Protein chains: 2
Amino acid sequence: MNDWVTIVILSTDPMRYPRNHRANTRDTLLRESAALAKREGFAASGVDALARAAGVTSGAFYKHFGGKDALLSAICEAELDATRARFAAIEPGATEQVLRAVDMYLSLAHVQNPAMGCALPALSAEIGRAPEQTRLAFERAFEELIAVIAEKVGAKAVGSALVTQCVGAVTLARALATEGAQRELLQAARRAARAILGAG
Amino acid sequence: MNDWVTIVILSTDPMRYPRNHRANTRDTLLRESAALAKREGFAASGVDALARAAGVTSGAFYKHFGGKDALLSAICEAELDATRARFAAIEPGATEQVLRAVDMYLSLAHVQNPAMGCALPALSAEIGRAPEQTRLAFERAFEELIAVIAEKVGAKAVGSALVTQCVGAVTLARALATEGAQRELLQAARRAARAILGAG
DNA sequence: GTCTATATTCAGATAGAC
DNA sequence: GTCTATCTGAATATAGAC
């Protein structure tokens with residue numbers, strides 16, 4: 001029995017799962033574990049729970065990711081790519097379109113639905129404590145996001161400041177207990193976003 | 001044996017620890033567990049580790065706090081009171097003093113030393129997932145902090161926006177891998193802080 | 001007032017059946 | 001490719017000695 005025979009046996013093994021099953025499972029795992037991590041926290045979510053959110057077990061999880069750290073790196077890339085895609089359609093210099101996107105970001109709906117929201121307010125603090133490899137993956141994806149936003153607002157520093165303002169406001173609003181206090185904080189952030197754009 | 005007798009026995013029991021030992025232990029527990037939580041994350045820090053940071057065991061910890069949740073509430077109040085105290089000395093309307101404080105906050109030193117830094121970038125995301133009682137404690141202390149800052153900058157909305165900008169910038173800078181990217185983000189936030197103050 | 005020891009649950013990760 | 005079962009260590013919390 002040599003390697004060639006082994007390869008033939010593997011490639012002629014009856015297909016027990018549909019084509020692309022592996023890729024689909026990985027995508028679902030990425031999407032659903034990200035949603036759970038954003039809602040409950042990444043450290044607070046066990047591998048069993050992250051896998052079950054995608055309808056599989058931890059045994060399957062470890063066939064797709066090396067471990068929790070590797071998952072967090074993958075989540076960084078996938079989530080920030082998704083956030084970036086939302087800004088990609090805006091025309092450069094279209095300030096009102098940028099402000100509409102900012103107002104959506106700084107909404108009570110976003111504050112109250114972390115699972116469907118941006119990864120930055122939900123996961124940045126944990127990413128700051130993650131291994132360097134994860135932070136490198138984050139930095140790459142973050143810089144791409146900032147580059148796209150910079151195109152729209154004209155300057156990288158303005159794009160960065162807009163993002164830090166938005167992320168800080170959503171993060172702090174979620175820590176507040178009452179809707180009234182949340183609304184007030186978001187309102188102040190919306191005004192600040194306009195000041196930042198105006199000073200660009 | 002009645003209650004009165006019990007009270008006498010307790011109050012005449014030989015003192016095995018110095019006066020104020022209990023209060024001192026509680027203060028140390030609060031201070032050192034907060035530092036550990038800011039550095040490693042609150043959820044990621046076990047009760048044993050939080051207690052050991054203060055030089056005691058988890059057995060002693062539970063004589064001072066009902067549990068982890070109660071500790072987080074206490075940390076919110078103590079830490080935000082400390083942050084508030086740093087702004088209390090600034091004179092109302094002294095914009096340069098405010099900007100000096102903001103520049104310290106938005107420094108690489110602060111980004112690289114979470115244990116000695118502000119609790120907001122380190123713990124807000126986890127507070128957002130904590131029980132309502134903890135978020136109520138947070139909201140009370142946060143509103144007091146904003147009130148003091150509002151005095152200095154003239155308007156509550158300006159104070160709020162300044163805080164969200166600073167917290168977002170430090171949180172995101174910590175998630176970045178390289179010092180260069182961190183410096184650039186902080187620099188953009190410093191400029192934005194001036195725009196926010198100018199627009200007040 | 002604090003410690004040691006422990007009960008119980010749950011974490012991340014792996015082996016082998018199918 | 002996924003599941004079941006399991007190993008090992010660590011989590012929160014409590015009981016009782018001193």
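The shown structure was predicted, so the numbers you read here are calculated from the model rather than taken from an experiment.
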So, using side-chain hydrogen bond (donor to acceptor under 3.5 Å, both in side chains) as the criterion, who are the partners of A:Glu32 when residues are at least two apart? none
Would you say B:Tyr62 places a side-chain N or O within less than 4.0 Å of OP1 or OP2 belonging to D:dA13? yes
Would B:Arg100 and B:Asp103 pass as an ion pair if we require N to O under 4.0 Å? no
Picking from D:dT12, C:dA13, C:dT2, which would you name as closest to the side chain of B:Asp48? D:dT12
Would you mind telling me which of C:dC3, D:dT2, D:dA13 lies closest to the side-chain atoms of B:Thr57? C:dC3
Grab the CG-P distance between B:Leu50 and D:dA10 for me, whole Å please. 16 Å
If you measure only the distance, is there a donor-acceptor pair under 3.5 Å linking the side chains of A:Glu139 and B:Thr178? yes
Rounding to an integer number of Å, can you tell me how far A:Arg22 CZ sits from D:dG1 C1'? 8 Å
Is any side-chain nitrogen or oxygen of B:Thr25 closer than 4.0 Å to OP1 or OP2 of C:dT2? yes
To the nearest Å, how far apart are B:Phe42 CZ and D:dA11 P? 13 Å
Rounded to the nearest Å, what distance is computed from the CZ atom of residue B:Arg19 to the P atom of nucleotide C:dG1? 14 Å
From D:dT14, C:dA13, D:dT12, nucleotide with atom closest to A:Lys68 side chain: C:dA13
Between the main-chain N or O of B:Arg22 and the side-chain N or O of B:Lys63, is there a donor-acceptor pair closer than 3.5 Å? no
Choosing from C:dC3, D:dT12, C:dG1, which nucleotide comes nearest the side chain of B:Val56? C:dC3
What nucleotide, of C:dC3, D:dT2, C:dT14, holds the atom closest to the side chain of A:Ser58? C:dT14
Once you round it to whole Å, what is the distance between P of D:dT12 and CG of B:Asp69? 11 Å
Toward the 5' end of DNA chain C, by each residue's nearest nucleotide, A:Ser45 or B:His64: B:His64
Give A:Lys63 one of three labels, base, sugar-phosphate or nothing, depending on what nucleic acid heavy atoms sit under 4.0 Å from its own. base
Atom CZ of A:Phe65 to atom C1' of D:dG1: distance rounded to whole Å? 14 Å
Residue mapping more 5' on DNA chain C - nearest nucleotide basis, A:Gly66 or A:Ala49: A:Ala49
Rounded to whole Å, how long is the line connecting atom CG of B:Asn24 with atom C1' of C:dG1? 13 Å
Rounded to whole Å, how long is the line connecting atom CG of B:Leu36 with atom P of D:dA11? 11 Å
Between A:Gln187 and A:Arg190, a side-chain donor and acceptor under 3.5 Å: yes
